[in-house]
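For reference, the structure discussed in these notes is given below.
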Amino acid sequence: MAEVKNEVLTRVYILTFGIVLPMALILMYKTIVIGVVEGEKWRDYGRRSYVQTRPVKAERGNIMAHDGSLLATSVPFFNLYFDPTVATDDEYFDNLDTLAYCFAHYLDKNFTVGGAREYLIDLRDTLENRSRHVLLKRKVSFAEKKKIEQFPLFNLGRYRGGLIATKLSERKRPFGVLARRTIGYVRDQAKDVGLEDSFNKELGGTPGEQVMMLVDKKRDLWIPMDNLAKIEPKQGKDLVTTIDVNIQDITERALYDAMQYHNAEWGTAVVMEVKTGRIKAIANLGRVEGKREWYEVYNYAVGRAIEPGSTFKLASMMAMLEDGYITLEDKVDIEHGKTTYYDQEMVDAGSHSAHLDTITVRKAFEISSNVGLSKLVTAFYGKKEGDKDRNKERKFIERLKQFGLHLPTNIEIKGEAAPVIKEVEDVKAGWSGLTLPWMATGYEVKLTPLQLLAFYNAVANDGVLMKPTLVERTESFGIAIDEYRPTVVKKEIASRKTIEQAHQLLLGVVERGTARALKTKRYKFAGKTGTTQIGYKRFKNRTRVRGYQASFVGYFPAEKPVYSCIVVIYKPEKNGIYGGDVAGPVFRKIADKCYDSLIELHAPMNKGPKPILKSSQLPRNVVGEKKDIAALLGELDMPYYDLANTEMVRTLAASDSLILEQRTLPDNQVPSVVNMGLRDALYVLENRGLKVKTQGVGKVVKQSIKPGTKARGQNILLTLN
Amino acid sequence: MSTVTARIFAELRGDRVIWAILVLLAIFSILAVYSSTGSLAYKKQGGNTEVFLIKHGVIMLGGLMLVYITHLLPHDRFRKWASIMLAIAAPLLIYTLFFGVNINEAKRWIMLPGIGVTLQTSAFAKIALIVYVAAAISGKQDYIKDFKSAFLPIIVPVLIICGLIAPADLSSAALLFLTCILMMFIGRVAIKYIFILMFWGVIVFAGLLLLGKEYPNVVRVTTWEKRFEEFMNDADGGYQVKQAKIAIANGGVIGLGPGNSRQRNYLPSPYSDFIYAIICEEYGVIGGILVIALYLLLFFRVVRLVTKSEKAFGAMVAMGLSISLIIQAFANIAVSIHLVPVTGVTLPFISMGGTSLLFTAFAFGIILSVSKYIESQVN
């Protein structure tokens, strides 16, 4: 027996020390290897692949118009995924039929209900390559997501139902393409432009941090782990711009119509508030290559420096006026609009000059005579034979600088083109003997439309040069953070007298000159046309031209300017080329609409002493509810005598006053509703059980059932006029 | 009350070390399960992890009570029950094969009518078989080397039971078969028969694999095959194993502390198959080694019992049960540290799961019953 036991024990020891103990040691060893020796490798692997603290994008601030309308806002959307392995069998198959129905009807209409059911079963049953995040739908709105979350199974939540939603956001512009280029955009793999770019830091906010879990490596799909701490992202600030949505809309529409009508290459129109330099509207349209469509493809107003042409003549005139070289009534011979400088011909645009020779300086400006202006400028600033230096030319340039024409506007958006005002004798820049006469007429200088507008705005603003701005302030949850106050660049660009004369000149252009066709009786405006040759090559007796640029810049109302505006249309191909014909009408359209909306400029209708009305002017025979009529007369401040104690009254005009007379309507017969408004007539008749039909508009002039008839439930036709 | 408690402790017998191991395992179990059921709680209880804590706690308490009750019984009684238990187990397994409840893609459970509790029949069959084999070996010691009278009566039930478990749970069947072979080895069955058996075991295993390939519905080999391929081909392990390794590495030497596991969110069933990784993550390599040491210590205590035991059956059944426990424990741990392919066996007395835990408790009860008897003999 002991032998048996010994044999058993021997075998037990073999098992214990030969197998069990070594096994245990191996397990311990391997645990140490993984946990300690290879520890860093696996920890790193874990960190890298599945859980990471990832930045959470902050919600981007809104860009708003002056009145708070949203110009650009971030709208969240969701991508929905489905993990078919999450649900239990019971829950999956209990909900399958209804889910399939919802799936086919709301989620993906390419599926039939049966097809969706098959698909859902397939998703669940396929062992191989079973995906734990099947894409259900992309770009789902918040409302849509809410609805889909109500579907059976999905309503059990992510951990029981398997619906996974990842939040993304998209920049939306509620006003569509309105001021698109100025509002701008930030995109991956493209140049950022506009305010979105310039204020990226303010709008962008501060990203937060959150521990997230990788659920799909291929799609880089991360899901936040709710139970872990995170740093909340700080929402970006809102940007309140100076843009007035209505003016912007008018401006864009007027410009677009003109682009179409003239089939121009590009065009821009900017409206600025005179006192503040705030840009109320900025439109930029460029033609799509080979098509007759225009889009906001480039911010021409800011980025494109062009030879302004005749609109620059104001600067030339102001220089001479500032120097006291001329008065507006001085004479100049414009040689029928044609002269030459060295080997180059200079002609006046348009036909105004053809029959004229010696005219006043004022007239020369009003008809925009190149010959006149260039002759004047060369006479006073040109280098004469015997002059030892070029100080006179320098003086002219100094004057231009005094007007701030050499200064960039430093508008908030990037990409502004610098103005080009050549320095005297700067041969590299192209200064020549011809520069001065051409400069007098707006060639050999370059300005962006916005820079030129800033100059005209200063004239309108009694000589105060304002910095053009697009942004009023930044806000956070409606509370202002940073205010951008109007900035004065130069307090006085010229003497009061010069400014006053410039005023007169610009007004004259509209009253009598190249823009007289645009004149309106409703209000006065001042401005200057420009018809600029582009791609020109000048010869002795002719000039080869590749096209024209029509422009108009001015301000309104002329007496007390509120807005200044520039319109530039580049290379119009049809229906005219002149500034007054092409750009001017756009200016007028904009000015008209703006003027209408300037309530403070319109004289009130009840201005002056109260008129004494004759009985024939008093409203007679008006029938209606007493309450309404009394309120109306009260509002118009018209005295009346109240002789009525009924609900309905009729007005009677006595010799000098108004009487409210009672109007009794019998309860059980059709009353007369003639002279009532439809509202009162409907009330009266329907209370008596009649069905009212109407034709026409206005007051009741005829009724199809005679007054006094006993009728209920019948149709009655009222004729209104 | 105090008298009842006093009475219970008065009756508490058996190896105190084994009792201590039990309590330590139970503590590990409660902590690790509570920590790792987070994602399960989200799935099933809307994030209420206490539900699983309470449920598991109740089962654990029931388990300990079962250990206590079982250890009170004289272990000889199990010898008499062995054949009856086996006779119940076999039909239950057959029933499970055909009418079992499908949980986690395997038919291993039966639904107890009325109370809605699922029961893993193989866990019961396992203990029944081990007790039977222990009884048979100890009863036939005089002619144990004989083929017809000793080997056959032992091996036939083994083959039947393992064969019935195999279709749904190949790993458990293989581990049980291995346990029985080791028991036979200790019980002095002729080595040549054991080799023949192992040879046949391999043949049958291969046969089952082939059968499974032809008829995937009859034997569940596809997952097994996949796991095996994954194990052979991927030096760093598949997704699950990588997650387990990250967990162990996260823990380092001393661990992240109770409840601080991160990998529980990525590990599939962190509360059962990969609970060892969670323990390592929270209690470090030290915690892991302690768990292995506890199982090892349990085995040593049973070996100590065997040396003292006068009766063959007691020694044999305690040995068999502890072999089964330690094989299962090591198999589970080996999966987490990437020594064997993913098998899906639980860590005895630690993993969450009612049936497994209760039958493990039953096994402990029997072992303690044996130790109680031996103690009384020595005294």
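Only a predicted model underlies this, so the values are computations on that prediction, with no experimental measurement involved. The sequence lines fix the lettering, A, B, ..., with proteins before strands; numbering per chain opens at 1.
Annotation for A/Gly39 and B/Ala249: closest pair O-CB, 3.4 Å, computed over non-hydrogen atoms. Nearest heavy-atom pair, A/Glu7 versus B/Lys145, reported as atom, atom and distance to 0.1 Å: OE2-NZ, 3.4 Å. Shown here for A/Arg43 and B/Asn250, the closest heavy-atom pair between the two residues is CG-OD1, 3.5 Å. Nearest heavy-atom pair across B/Val189 and A/Arg11 is O-NH1, 3.4 Å.
Of the two parts of B/Phe299, only the side chain, counted from C-beta on, holds a non-hydrogen atom closer than 4.5 Å to a non-hydrogen atom of chain A. If you measure heavy-atom distances from B/Tyr295 to chain A, you find no contacts under 4.5 Å at all. In this structure, chain B has no heavy atom under 4.5 Å from any part of A/Leu156. Within the 4.5 angstrom heavy-atom criterion, only side-chain atoms of B/Ile323, from C-beta onward, approach chain A. For A/Ile32, the parts lying near chain B are the backbone and the side chain together; criterion is any non-hydrogen pair under 4.5 Å. Heavy-atom distances place the side chain of B/Met319, and not its backbone, under 4.5 Å from chain A. Contact of B/Ile191 with chain A is made through the side chain alone, with heavy-atom distances under 4.5 Å. Residue contact with chain A, scored on non-hydrogen atoms closer than 4.5 Å, involves the side chain of B/Leu182 exclusively. Both the backbone and the side chain of B/Ala293 come within contact range of chain A, with heavy atoms under 4.5 Å apart.
Top candidate by heavy-atom pairs under 4.5 Å with chain B, chosen from A/Ile34, A/Val36, A/Thr10, is A/Ile34.
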**Request:** Verify salt bridge (Lys or Arg N to Asp or Glu O under 4.0 Å) between A/Glu38 and B/Lys242, making sure each step is shown before the conclusion.
**Result:** CA-CA 12 Å; A/Glu38 294 179 352; B/Lys242 273 185 194 145; over 6 Å; no
**Request:** Report the C-alpha distance between A/Ile14 and B/Phe185 in whole Å, list the side-chain angles of each, state the deciding distance to 0.1 Å, and finish with yes or no for side chain to side chain contact (heavy atoms under 4.5 Å, CB included).
**Result:** CA-CA 10 Å; A/Ile14 290 171; B/Phe185 166 72; 4.2 Å; yes
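We find the CG-CG distance between A/Leu21 and B/Leu296 to be 5.5 Å, quoted to the nearest 0.5 Å. Residue A/Met28 holds its CE atom at 6.0 Å from CD1 of B/Ile289, rounded to the nearest 0.5 Å. From B/Ile246, atom CD1 reaches atom NZ of A/Lys41 across 10.5 Å, with rounding to the nearest 0.5 Å. The CD1 atom of B/Ile286 lies 12.5 Å from the OG1 atom of A/Thr31; values are rounded to the nearest 0.5 Å. A distance of 6.5 Å separates CG of A/Leu9 from OG1 of B/Thr307, quoted to the nearest 0.5 Å. The structure places CD1 of B/Ile326 at 11.5 Å from CD1 of A/Ile19, a figure rounded to the nearest 0.5 Å.
Within 6.0 Å of CD in A/Glu170 there are more than 12 heavy atoms belonging to other residues, nucleotides or ligands. When the shell of 6.0 Å around OH of A/Tyr101 is examined, it contains 12 or fewer heavy atoms from other residues, nucleotides or ligands. Taking a 6.0 Å sphere around OH of A/Tyr106, one finds it holds 12 or fewer heavy atoms contributed by other residues, nucleotides or ligands.
B/Leu339 has its side chain within reach of A/Lys30: a pair of non-hydrogen atoms, C-beta onward, lies under 4.5 Å apart. Side-chain atoms of B/Phe330 and A/Val20, non-hydrogen and from C-beta on, do get closer than 4.5 Å to each other.
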